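Order of the sequence lines sets the chain letters (A, B, ...), proteins ahead of strands, with each chain counted from 1. Quantities reported herein were computed from a predicted structural model and do not represent experimental measurements.
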Amino acid sequence: MVAFQMSQRRLLLIILIAAALLLPALVTPFILHVAIMVGLFAYLGSAWNLGCGYTGKLSWGHSAFMGLGAYVSTALYMFYAVTPWIGAIAGMIIAAAFGALVGVICFRLGLKGHYFVIATIALAEILRVAFINWSVVGGAWGLLMPVVPDSMYHFQFHSSRLGYYYIIFAMLVAILYVERRIIKSKLGYYFIAIKDDEEMAESLGINAFKYKVIAAAISAALTAFGGTFYAQYVLYISPDTVMAVGVSTEILMGAVVGGMATLGGPVVGAAIIHPIMELSRAYVGGRGLDYVVAGLLTVGVAVLRPHGVIGWVEKAFDALASYLPRVARS
Amino acid sequence: MALLEVRKLTKRFGGLVALDDVSFEVEKEEIVGLIGPNGAGKTTLFNCVTGFYKPDSGEIHFDGYNMCGLKPHETCLKGMARTFQIVKAFHSMRVIECVTAGALARTDRTQDGKKKALETLEFVGLADKKNVLAGSLTIVDRKRLGLASALATGPKLMLLDEVAAGLNPVEIDDVIRLLRKIRDGGTTLFIVEHVMKLIMPVADRVAVLHHGKKIAEGRGEEVARDEAVIEAYLGRE
């Protein structure tokens with residue numbers, strides 16, 4: 001029986017993935033744009049979750065890493081004609097170093113809880129202000145990427161958004177795979193141990209400081225890749241669009257609403273929040289209201305469902321799976 | 001040479017001298033009990049030995065290493081494991097995962113860690129609850145889990161902080177059997193305990209702390225007759 005249920009679940013998962021792959025053929029360009037933003041923030045939320053959700057060290061400064069990724073790949077592309085794919089890797093390395101530095105500073109100082117959160121906001125703000133005053137990378141104006149014809153090498157697709165859609169889809173699948181591997185490894189055990197009880201973790205031979213810094217570096221690097229994607233998709237970056245506190249908020253909101261320290265949480269959360277934000281931006285107008293709506297939703301979930309809505313989604317998923325025909329396992 | 005050797009250990013918290021020039025030794029494969037009234041400094045001593053507190057002065061030698069200045073995780077990797085008086089657990093993990101987290105101190109492969117964890121759970125008699133969330137265990141089982149996680153790190157010396165508090169007589173007998181089994185497996189035990197029903201039959205030797213000073217040491221029945229000890233517990237007539 002259990003084996004059959006497993007295969008029904010797997011079947012439903014395959015159907016959902018197939019539906020996601022076919023989605024661009026069925027929807028308008030605007031809906032496709034919403035889907036790309038959901039994918040991007042599901043990716044960014046997962047990157048955040050891997051470093052922060054599992055270890056319980058909640059960063060509100062992840063825009064710094066997204067911004068570093070965006071700026072490094074964009075600057076390398078515009079000034080040195082380096083393909084954004086290589087630029088993304090450079091951005092990941094620099095973001096990992098910065099993430100490790102932030103970790104070393106905060107954890108050496110023993111910052112916990114709210115104090116850690118505030119420190120991450122402050123460090124991200126320092127970086128944003130530094131970029132505003134750094135004329136080489138465009139200062140407050142930012143960088144406007146030259147538009148070139150569709151090309152994988154240049155990471156630009158204009159005739160349709162298909163290229164972006166499938167790239168972010170692949171990035172999301174890849175990060176979920178990496179996350180799953182890490183969580184099932186020694187690293188994953190240690191992250192969760194640190195979140196649950198740091199003293200107990202230490203008593204069992206876990207170097208909490210070291211593993212927290214590793215978590216920060218991994219999360220920063222993965223977030224930076226999302227920054228490169230954003231830069232290539234929007235083709236314009238500035239300190240206020242990729243390094244602002246609001247961006248950090250958008251990154252972590254999905255994980256909070258969906259469920260921290262779960263594989264599916266940030267994906268579910270992004271799929272709930274970003275359509276609402278995009279729709280309110282498009283149909284009600286202007287920035288501001290989208291944040292009000294998303295903020296209210298986040299507060300509501302945090303109060304009523306502190307573990308996120310993932311539990312409901314899992315139940316709905318299982319219920320749906322039970323309607324599927326039973327497939328014999330080979 | 002003794003497995004654990006503590007010399008002239010002093011720890012102050014502001015004006016309070018929690019440990020005052022305490023010296024003692026624990027021999028290999030011995031069970032040593034540490035008793036004393038509330039506030040005597042027993043847990044502080046554990047915290048100093050396992051690296052959670054930095055002593056103000058004194059020396060700690062363990063298995064040939066100078067342990068002073070080591071962090072808690074380093075003392076564990078050197079072969080010490082401890083449990084906590086206020087029971088701790090990785091509440092969002094399953095029992096088997098909690099113990100695996102301990103076992104991973106000696107291996108990088110989760111498969112090996114899980115195997116070791118299962119063996120350890122069998123050993124302490126918690127194998128039937130291996131898939132229960134640690135956060136939903138009873139206090140008694142949580143203590144057992146703490147013991148199992150610590151044991152899974154493969155320690156030479158275990159420091160147990162009040163394993164028997166709150167247990168009924170039958171459970172205490174279980175714990176006594178378990179502690180003897182652990183010692184027979186080659187692990188030395190150093191036990192802080194209030195429950196005399198546990199400490200007297202199980203400890204080879206008992207040390208008594210009072211106001212941060214060691215006031216007596218010896219076999220259980222000797223210590224129980226000691227004037228200074230009786231005075232510390234019951235007060236002067």
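- For the set B/T50, B/T100, B/L77, the entry with the most heavy-atom pairs within less than 4.5 Å of chain A is B/T100.
- A salt bridge links B/E5 to B/R7: at least one charged side-chain nitrogen sits closer than 4.0 Å to a carboxylate oxygen.
- A donor-acceptor contact shorter than 3.5 Å links the side chain of A/D196 to the backbone of B/S92.
- Taking the side chain as every heavy atom from C-beta outward, A/V247 and A/M66 approach each other to under 4.5 Å.
- In this model, a donor atom of one side chain and an acceptor atom of the other lie less than 3.5 Å apart for A/T249 and A/W60.
- No other option in B/H73, B/H91, B/K71 has as many heavy-atom pairs under 4.5 Å with chain A as B/H73.
- With a 4.5 angstrom heavy-atom cutoff, B/T107 touches chain A only via backbone atoms.
- Partner B/L167 forms a side chain to side chain contact (heavy atoms under 4.5 Å, CB included) with one of B/V195, B/I139, B/I172 and no other, that one being B/I172.
- Using a 4.5 Å cut-off between heavy atoms, B/S149 contacts chain A through both its backbone and its side chain.
- In this structure, no portion of B/A152 lies under 4.5 Å from any heavy atom of chain A.
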Could you go through the ring-ring contact (aromatic ring centres under 6.0 Å, His included) check for B/F46 and B/F52 one step at a time? CA-CA 8 Å; B/F46 265 29; B/F52 281 89; over 10 Å; no

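- If you measure heavy-atom distances from A/K184 to chain B, the contacts under 4.5 Å come from the backbone alone.
- Heavy atoms of A/A261 lying under 4.5 Å from chain B are absent altogether.
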